[in-house]
Number of protein chains: 2
Amino acid sequence: MKHAMIDDLLQKRGLKRTKLRIALLNHFLSAKHALSYLEIKGALGENVDKSTLYRNLTTFEEAGIIHRIDHSGVAKYAFGKGQNDGHHHAHFVCDQCETVYCVEKTGATTINVPKGFKTKVVQMIIRGTCSYC
Amino acid sequence: MKHAMIDDLLQKRGLKRTKLRIALLNHFLSAKHALSYLEIKGALGENVDKSTLYRNLTTFEEAGIIHRIDHSGVAKYAFGKGQNDGHHHAHFVCDQCETVYCVEKTGATTINVPKGFKTKVVQMIIRGTCSYC
DNA sequence: TTTCAAATGCAACTTAGTTGCATTTTCATT
DNA sequence: AATGAAAATGCAACTAAGTTGCATTTGAAA
């Protein structure tokens, strides 16, 4: 049950269960792709406050509930931790509709970095065309 | 000789040889990492016009002389074509100083994308610590 | 049911980048 | 060298994304 899961997500991190947060997490849970501020605002209603929404996105990101993806000057957010935390997935960016999807990362990669450089995480961005375009 | 190379770069694309463009390309040629608008402005002098600089960055990018890398809301530029054009390199982002370096990409990768999705280019971003941090 | 930190709402601000337009410059042609 | 047109510049005003300060409200622990 989705509602219980959302309560759990918030409670575990000591985050208060507000109307906006519940709506926001509900939306993230059913989203099929990463969402920009404008997409979220469009979905949750125009009366949602800009600062409150941005602050919650930051809060959720810091709490590891969602992760941010930079996409040509506009941040997009998707459910789940980022790749900084051991969870491995790649981002697919459609060059037609500019939609960003999280996809599973399979297959090994090796990159030689210059001497003195220490690799921590390897992110992948796949550019191409999505199934709707 | 650097000057001749710069003239060549501009001439081949029918771009006029202006003072700013020459200074800009000189700076890019000796840069060891990707540069933001502010870094470039700082290097070329405060009297450089914002629009002119931004317009030249766009022009150079479209001409395939430099390529843009998005980095948490700030665009950075580096010499060379992007990975959309067959040239393969990855970007190393230092999590201490936030500097972006272009590094050679070695080793094969395979990513399974969902049905109906078509992969064109695979970009890689390596996060870690650079040799100066 | 009180209490208080956390969250919200609003307005004002910042930062990155863009646009319109008049002036200047490059470069090819004479 | 002089000319002329297209390209590039400089300036000001604007937009879009995101942030900050502060007074008010709300959730949940006591």
Side-chain angles (χ1 to χ4, degrees), chain A residues 3-4 6-27 34-63 65-78 98 100, chain B residues 3-4 6-27 34-63 65-78 98 100:
Chain A
H3 210 74
I6 288 173
D7 286 6
D8 196 54
L9 275 170
L10 294 171
Q11 230 154 22
K12 269 193 186 143
R13 291 158 178 92
L15 297 173
K16 286 182 179 164
R17 223 177 55 96
T18 72
K19 217 177 278 182
L20 180 76
R21 283 181 177 170
I22 292 164
L24 190 48
L25 288 181
N26 248 304
H27 195 59
L35 305 163
S36 67
Y37 160 76
L38 279 179
E39 289 171 310
I40 298 165
K41 175 150 185 163
L44 300 195
E46 284 308 310
N47 49 324
V48 170
D49 182 65
K50 205 209 293 223
S51 325
T52 307
L53 183 40
Y54 271 118
R55 278 194 277 238
N56 276 311
L57 290 172
T58 308
T59 303
F60 286 174
E61 202 202 346
E62 284 168 352
I65 301 177
I66 60 174
H67 64 282
R68 190 173 70 204
I69 309 131
D70 288 342
H71 177 248
S72 52
V74 189
K76 298 209 170 190
Y77 298 85
E98 297 286 296
V100 178
Chain B
H3 211 75
I6 288 172
D7 286 6
D8 196 56
L9 275 171
L10 293 172
Q11 230 156 23
K12 269 193 185 142
R13 291 158 177 92
L15 297 172
K16 287 185 178 160
R17 223 178 55 96
T18 72
K19 217 176 280 182
L20 181 77
R21 282 181 178 172
I22 292 164
L24 190 48
L25 288 181
N26 248 303
H27 195 60
L35 305 163
S36 67
Y37 159 77
L38 279 178
E39 289 171 311
I40 297 165
K41 175 149 185 164
L44 301 194
E46 285 306 313
N47 50 324
V48 170
D49 182 65
K50 205 208 297 221
S51 324
T52 308
L53 183 39
Y54 271 118
R55 278 194 277 235
N56 275 313
L57 290 171
T58 308
T59 303
F60 286 175
E61 202 203 343
E62 285 168 352
I65 300 177
I66 60 173
H67 64 281
R68 191 173 69 204
I69 309 131
D70 289 341
H71 176 248
S72 52
V74 189
K76 299 210 168 189
Y77 298 85
E98 297 287 297
V100 178

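Since the model is a prediction, treat every value here as computed from it, not as a measurement. Below, chains carry the letters A, B, ... as their sequence lines are ordered, and counting in each starts from 1.
Contact annotation: the side chain of B/Leu53 approaches that of B/Leu24 to within less than 4.5 Å [non-hydrogen atoms, C-beta and beyond]. With a 4.5 Å cut-off on side-chain heavy atoms, A/Ser72 and B/Arg68 count as touching. Between B/Leu57 and B/Glu61, the closest side-chain pair of non-hydrogen atoms is not below 4.5 Å.
We find that CG of A/Leu57 is positioned 13 Å from C1' of D/dT19, with the value rounded to whole Å. For the pair A/Leu38 CG and D/dA16 C1', the interatomic distance rounds to 9 Å; values are reported in whole Å. The distance from atom OH of B/Tyr54 to atom C1' of D/dC11 is 16 Å, rounded to the nearest whole Å. Atom-to-atom, NE2 of A/His71 to P of D/dG18 comes out at 13 Å; the value is rounded to the nearest Å. When rounded to the nearest whole Å, the span between CD1 of A/Ile22 and C1' of C/dT8 equals 15 Å. Between the CG atom of B/Asn56 and the P atom of C/dT25 there is a distance of 16 Å, rounded to whole Å. The distance between atom CZ of A/Arg17 and atom P of C/dT8, rounded to the nearest whole Å, is 13 Å. We find that NZ of A/Lys50 is positioned 9 Å from P of D/dG18, with the value rounded to whole Å.
A sub-4.0 Å separation between OP1 or OP2 of D/dA8 and a side-chain N or O of B/Thr59 is absent. Put simply, B/Asn47 has no side-chain N or O that comes within less than 4.0 Å of OP1 or OP2 on D/dG10. Residue B/Thr52 places no side-chain N or O under 4.0 Å from the OP1 or OP2 atom of D/dA8. The side chain of B/Thr18 contributes an N or O atom lying less than 4.0 Å from OP1 or OP2 of D/dT9.
The side chain of A/Tyr37 sits closest to D/dG18 out of C/dC10, D/dG18, D/dA28.
With A/Leu15 as reference, A/Ile65 is the one residue of A/Ile65, A/Asn56, A/Leu25 to meet the side chain to side chain contact (heavy atoms under 4.5 Å, CB included) rule.
Here the side chain of A/Arg17 pairs no donor or acceptor atom with the backbone of A/Leu10 at under 3.5 angstrom.
Donor-acceptor pairing under 3.5 Å, judged by distance alone, is present between the side chain of B/Arg55 and the base of D/dG10.
Taking for each of B/Lys19 and B/Lys76 the nucleotide of DNA chain C with the nearest heavy atom, the 5'-most of the two is the partner of B/Lys76. Nearest-nucleotide positions on DNA chain D place B/Lys16 closer to the 5' end than the other of B/Ser51 and B/Lys16. When the nearest nucleotides of DNA chain C are assigned to B/Ala75 and B/Leu15 by heavy-atom distance, the more 5′-ward of the two goes with B/Ala75.
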